[in-house]
Amino acid sequence: MTSPFTLLFASNNRHKAEEINSILGEQFQIITLAEAGIVIDIPEPHDTIAANAAEKSSVIYQLTGKNCFGEDTGLEVEALGGAPGVKSARFAGEKATALDNMTKLQELMKGQKNRKARFVTVISLRLNGEHHLFSGMCSGTLAEVPAGKDGFGYDPLFIPDGSKQSFAEMSMDEKNKFSHRKKAVQAMITFLQQVEKK
Ligand code: IMP
């Protein structure tokens, strides 16, 4: 049996790492920053999700020289002109918790009829010094009240199209049937499989 292809994941978010691990299968494996003994808080200074994803992979590639990828995700709400978008992590302030962010979003959406929203994920892969981008999107609606205990971030408020449950009411496998992250990771996997064949 050949050993799995390994990539460093430029993130401290254990929820994201768990989700990505549940998608990868045996052919690929990720090493988190914690597992690699790297203690760093990578900033998200840019105006776009793609640029922030690229920042994460660039910082870790420059530090280690190893194949790695960064991931950035935003929740875009139609009635809010695409906000919080690239500012999703800091929507309610620099040190905001997921609950702070959800509470702010609920307040802004009170009485709002158009509840359409979408998650967008961009992955930035540094492979043998080359840069590749992959993206995934999931459209849905925002619930009036949060529901469910699983997942993370805005999951209790987000109901993907095609389901009646919020992401936080789903198992990881169920979330993966709809998720933005699953689509972006799958695009990266397909690309890596093609590269491996060459
Ligand atoms: P970042 O990609 O780590 O900057 O995350 C942006 C914000 O979106 C953070 O508040 C995350 O908790 C939230 N977030 C990222 N991915 C998801 C998801 O899959 N579901 C719900 N919230 C998410």
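One is the number of the first residue; the rest follow in order along the sequence. For ligands, and for the atoms within them, numbers begin at 1 and follow the listed sequence.
Between E44 and K56 there is a salt bridge, with a side-chain nitrogen of the basic residue lying less than 4.0 Å from a carboxylate oxygen of the acidic one. Ion pairing between K175 and D155 holds under the 4.0 Å rule for side-chain N and carboxylate O.
At the top of the distance list for atom 16 (N) of ligand 1, counting protein heavy atoms only, stands R181 NH2, 2.8 Å. Atom 5 (O) of ligand 1 has its closest protein heavy atom at T73 O, 3.7 Å. Closest to atom 10 (O) of ligand 1, if we only count protein heavy atoms, is A89 CA, 3.4 Å. Among all protein heavy atoms, the one lying closest to atom 14 (N) of ligand 1 is F152 CE1, 3.8 Å. Closest to atom 12 (O) of ligand 1, if we only count protein heavy atoms, is G153 CA, 3.4 Å. For atom 22 (N) of ligand 1, the nearest protein heavy atom (residue, atom name, distance) is Y154 N, 3.0 Å.
The residue M102 has no part lying near ligand 1, judged by heavy-atom distances below 4.0 Å. At a heavy-atom distance under 4.0 Å, only side-chain atoms of F119, from C-beta outward, approach ligand 1.
Heavy atoms of F167 come nearer than 4.0 angstrom to ligand 1 in no pair at all. Residue contacts with ligand 1 include K16, since one of its heavy atoms falls under 4.0 Å from the ligand. Residue contact check for ligand 1: L75 places no non-hydrogen atom closer than 4.0 Å to it. Ligand 1 has K175 within reach: a non-hydrogen atom of the residue lies less than 4.0 Å from it.
Residue L33 forms a side-chain contact (heavy atoms from CB on, under 4.5 Å) with just one option from N13, V39, I60, and that option is I60.
Set against the non-hydrogen atoms of S88, the atoms of ligand 1 under 4.0 Å away are 6 (C), 7 (C), 8 (O), 10 (O). Using a 4.0 Å cut-off to heavy atoms of D155, the atoms of ligand 1 that qualify are 18 (C), 20 (N), 21 (C). Numbered from 1 in the order shown, with element, the atoms of ligand 1 that lie under 4.0 Å from a heavy atom of E44 read 1 (P), 3 (O), 4 (O).
Contact detail for R90 and N101: the closest heavy-atom pair is C-OD1, 4.2 Å.
Between N13 and ligand 1, not a single N/O pair is under 3.5 Å apart.
Annotation: side-chain hydrogen bond (donor to acceptor under 3.5 Å, both in side chains) contacts of E94 (sequence neighbours excluded): none.
E107 and T103 share no donor-acceptor pair across their side chains, judged by distance under 3.5 Å alone. A donor-acceptor contact closer than 3.5 angstrom is absent between the side chains of R14 and T32.
Within a 6.0 Å sphere centred on NZ of K104, heavy atoms belonging to other residues, nucleotides or ligands number more than 12.
Side-chain contact check for M137 versus K183: every heavy-atom pair is 4.5 Å or farther apart. For the pair L24/V185, a side-chain contact is recorded, criterion being any heavy-atom separation below 4.5 Å from C-beta on.
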